[in-house]
Amino acid sequence: MAAAARVITVAGNSTAASSCLLLKTPFALKRSANALSFNSTRRLSKRLFSCNAIYNPQVQIKHEGQPETLDYRVFFEDASGRKISPWHDIPLQLGDGVFNFIVEIPKESSAKMEVATDESFTPIKQDTKKGKLRYYPYNINWNYGLLPQTWEDPSHANSEVEGAFGDNDPVDVVEIGETRRKIGNILKVKPLAALAMIDEGELDWKIVAISLDDPKASVVNDVDDVEKHFPGTLTAIRDWFRDYKIPDGKPANKFGLGNKAANKDYALKVITETNESWAKLVKRSIPAGELSLL
């Protein structure tokens, strides 16, 4: 009941900063030479942002154990010291097309950190395989993490991406700003593009975004701006995620949507749909399996 109450409370709040559910808007498909384009009938805000990127809704980070050990956990606490879930309790939407992004893996690092979706309060931990800590074969070149209050439903087949089913995780974010962040940082970001990665048959969205305090944030608003101001970055992101399993003897990952990055409106569509899936999950309209709803 606590999880369901959380959804009702958040979704019922009329303030943009607290609302977890995004407004539904119709999307129309348009194809261009460089990217898939989805146009919303609602005009998106073009105003510039000039606020501090670190969003701190009275959230504190508590480290338990030593980094790069099996026991290491990064917990999130509210102002009273009560543990909260970074996945379920940090609001997704902040209004004006701005979202919260939680850093799991700082850029230029290789430890595979992730929210433990099957543990109470879903702390960040280092992923394991056969009891051993997991590392990428080389550093990731961007800040990487998740959008809170999103979920890729493993029972839903996406007809636009080869019928692939969701990977049972929150939506991933690749933040392309110049600053190396820390594990557990909560940043204000704006989405710019979306890549539809297919990992062993599962759909694993990568939302490309930029932190609002990055020097180029004011001039980067959509997929074409990424190509202009960060030339080669979208290709580099796609290739990195395509190839990172090859050194372990696994096949390369694939990408849907014509192997191209979709534009901002499509990224917002993905966020809307996965936020709605998360709402169904925490209301127990969909079986949670081993996922923690605390």
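Hydrogens, waters and symmetry mates are skipped; everything else that's a heavy atom, side chains included, is used. Since the model is a prediction, treat every value here as computed from it, not as a measurement.
- By the rule that hydrophobic residues join a cluster once side-chain heavy atoms approach within less than 4.5 Å of another member, Y136 and M197 end up as members of one cluster.
- Side chain of D153 to backbone of S155: a donor-acceptor contact under 3.5 angstrom is found.
- Between the OG1 atom in T233 and the CZ atom in R238 there is a gap of 12.5 Å [rounded to 0.5 Å].
- Taken together through direct or relayed side-chain contacts under 4.5 Å among Ile, Leu, Val, Met, Phe, Trp and Tyr, L133 and M113 form parts of separate hydrophobic clusters.
- The backbone N or O of S85 sits less than 3.5 Å from a side-chain atom of D89, completing a donor-acceptor pair.
- L146 and V59 fall within a single hydrophobic cluster, where Ile, Leu, Val, Met, Phe, Trp and Tyr side chains are chained together by heavy-atom contacts under 4.5 Å.
- Taking the charged nitrogens against the carboxylate oxygens, D222 and K264 have no contact shorter than 4.0 Å, which rules out a salt bridge.
- When every heavy atom of P148 is checked against every heavy atom of I102, the shortest pair comes out as CB-CD1, 4.0 Å.
- Pairing each heavy atom of I286 with each of S277, the nearest pair is CD1-O, 4.4 Å.
- Considering every non-hydrogen atom in both S120 and L294, the closest pair reads OG-CD1, 3.7 Å.
- Atom CD of residue E202 and atom CG of residue N253 lie 10.5 Å apart, to the nearest 0.5 angstrom.
- With hydrogens and angles ignored, the 3.5 Å screen pairs no side-chain donor or acceptor of D248 with any backbone N or O of K250.
- Checked against the 6.0 Å centroid threshold, F121 and W87 do not count as a close aromatic pair.
- Note on Y144: it clusters hydrophobically with I61, by side-chain heavy-atom contacts below 4.5 Å among ILVMFWY residues.
- Under the 4.5 Å side-chain criterion, counting only non-hydrogen atoms from C-beta, P215 is in contact with E178.
- To the nearest 0.5 Å, atom CD of residue E273 and atom CG of residue N158 are 7.0 Å apart.
- The CG atom of D204 sits 6.0 Å away from the CG atom of D199 when rounded to the nearest 0.5 Å.
- The backbone N or O of Y266 sits less than 3.5 Å from a side-chain atom of N263, completing a donor-acceptor pair.
- Judged by the 6.0 Å and 45° rule, K216 forms a cation-pi pair with F230.
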Let's go through V223 and L192 carefully: what are the C-alpha distance in whole Å and the side-chain angles of both, what is the deciding distance for side-chain contact (heavy atoms from CB on, under 4.5 Å) to 0.1 Å, and is it a yes or a no? CA-CA 5 Å; V223 64; L192 305 169; over 6 Å; no

Stepwise side-chain contact (heavy atoms from CB on, under 4.5 Å) check, K206 with F241: CA-CA 9 Å; K206 308 299 179 188; F241 283 100; 3.9 Å; yes

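- Each of N168, D167, D169 was checked for a side chain to side chain donor-acceptor pair (under 3.5 Å) with W151, and the lone residue meeting it is N168.
- With contacts defined as side-chain heavy-atom distances shorter than 4.5 Å, the pair L293/H88 qualifies.
- Between A267 and A193, the shortest heavy-atom distance links the atoms CB-O, 3.7 Å.
- Judged by distance alone, the side chain of N275 and the main-chain N or O of Q149 form a donor-acceptor pair under 3.5 Å.
- Between L234 and V208, some side-chain heavy-atom pair lies under the 4.5 Å cut-off.
- In the hydrophobic cluster analysis, where Ile, Leu, Val, Met, Phe, Trp and Tyr join through side-chain heavy atoms closer than 4.5 angstrom, F75 is grouped apart from I105.
- In summary, K129 and D127 do not engage in a salt bridge, as defined by a charged side-chain N under 4.0 Å from a carboxylate O.
- In this pair, W240 and Y244 present their aromatic rings parallel. The plane angle is below 30°, not in the 30 to 60° band.
- Residues D243 and Y138 have side chains in contact (heavy-atom distance under 4.5 Å, counting atoms from C-beta outward).
- No option in E119, Q126, H63 other than E119 meets the side chain to side chain donor-acceptor pair (under 3.5 Å) test with R73.
- The closest side-chain heavy-atom distance from R82 to E77 is not below 4.5 Å.
- Annotation: the span from I210 atom CD1 to H229 atom NE2 amounts to 9.5 Å, rounded to 0.5 Å.
- Salt bridge K83/E64: present, at least one basic N to carboxylate O contact under 4.0 Å.
- Using a 4.5 Å heavy-atom cutoff, the side chains of W205 and T150 are not in contact.
- Checking side-chain atoms of K62 against main-chain N and O of G81 turns up no donor-acceptor pair under 3.5 Å.
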Trace of the side-chain contact (heavy atoms from CB on, under 4.5 Å) decision for L92 with L147: CA-CA 7 Å; L92 169 63; L147 288 174; 4.0 Å; yes

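- Checking side-chain atoms of T274 against main-chain N and O of I271 turns up a donor-acceptor pair under 3.5 Å.
- By the 4.0 Å N-to-carboxylate-O rule, K280 lies too far from E276 to be salt-bridged with it.
- Because its NZ or CZ atom is not both nearer than 6.0 Å to the ring centre of F101 and within 45° of the ring axis, K188 does not count as a cation-pi partner of that residue.
- Note that CG of L187 and NZ of K182 are 12.5 Å apart. Values are rounded to the nearest 0.5 Å.
- For L257 against A262, the heavy-atom pair with the smallest separation is CD1-CB, 4.1 Å.
- Contact check for R181 versus S211: side-chain heavy atoms found under the 4.5 Å cut-off.
- Between P191 and A209, the shortest heavy-atom distance links the atoms CA-CB, 4.0 Å.
- Looking at E108, E175, K107, R180 one by one, the single match for side chain to side chain donor-acceptor pair (under 3.5 Å) with N143 turns out to be E175.
- E104 places no side-chain N or O within donor-acceptor distance of the main-chain N or O of I183, the cut-off being under 3.5 Å.
- Remark: K228 does not engage D225 in a salt bridge, criterion side-chain N to carboxylate O under 4.0 Å.
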I would like to know whether F165 and L203 meet side-chain contact (heavy atoms from CB on, under 4.5 Å); could you show each step before the answer? CA-CA 6 Å; F165 292 85; L203 179 55; over 6 Å; no

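- Under the 4.0 Å criterion applied to side-chain N and carboxylate O atoms, E200 and K254 are not assigned as salt-bridge partners.
- Distance alone, capped at 3.5 Å, places no donor-acceptor pair between the D71 side chain and the G65 backbone.
- A donor-acceptor pair under 3.5 Å is formed between the side chain of N100 and the backbone N or O of P91.
- The side-chain heavy atoms of V189 and V98, taken from C-beta on, include no pair separated by under 4.5 Å.
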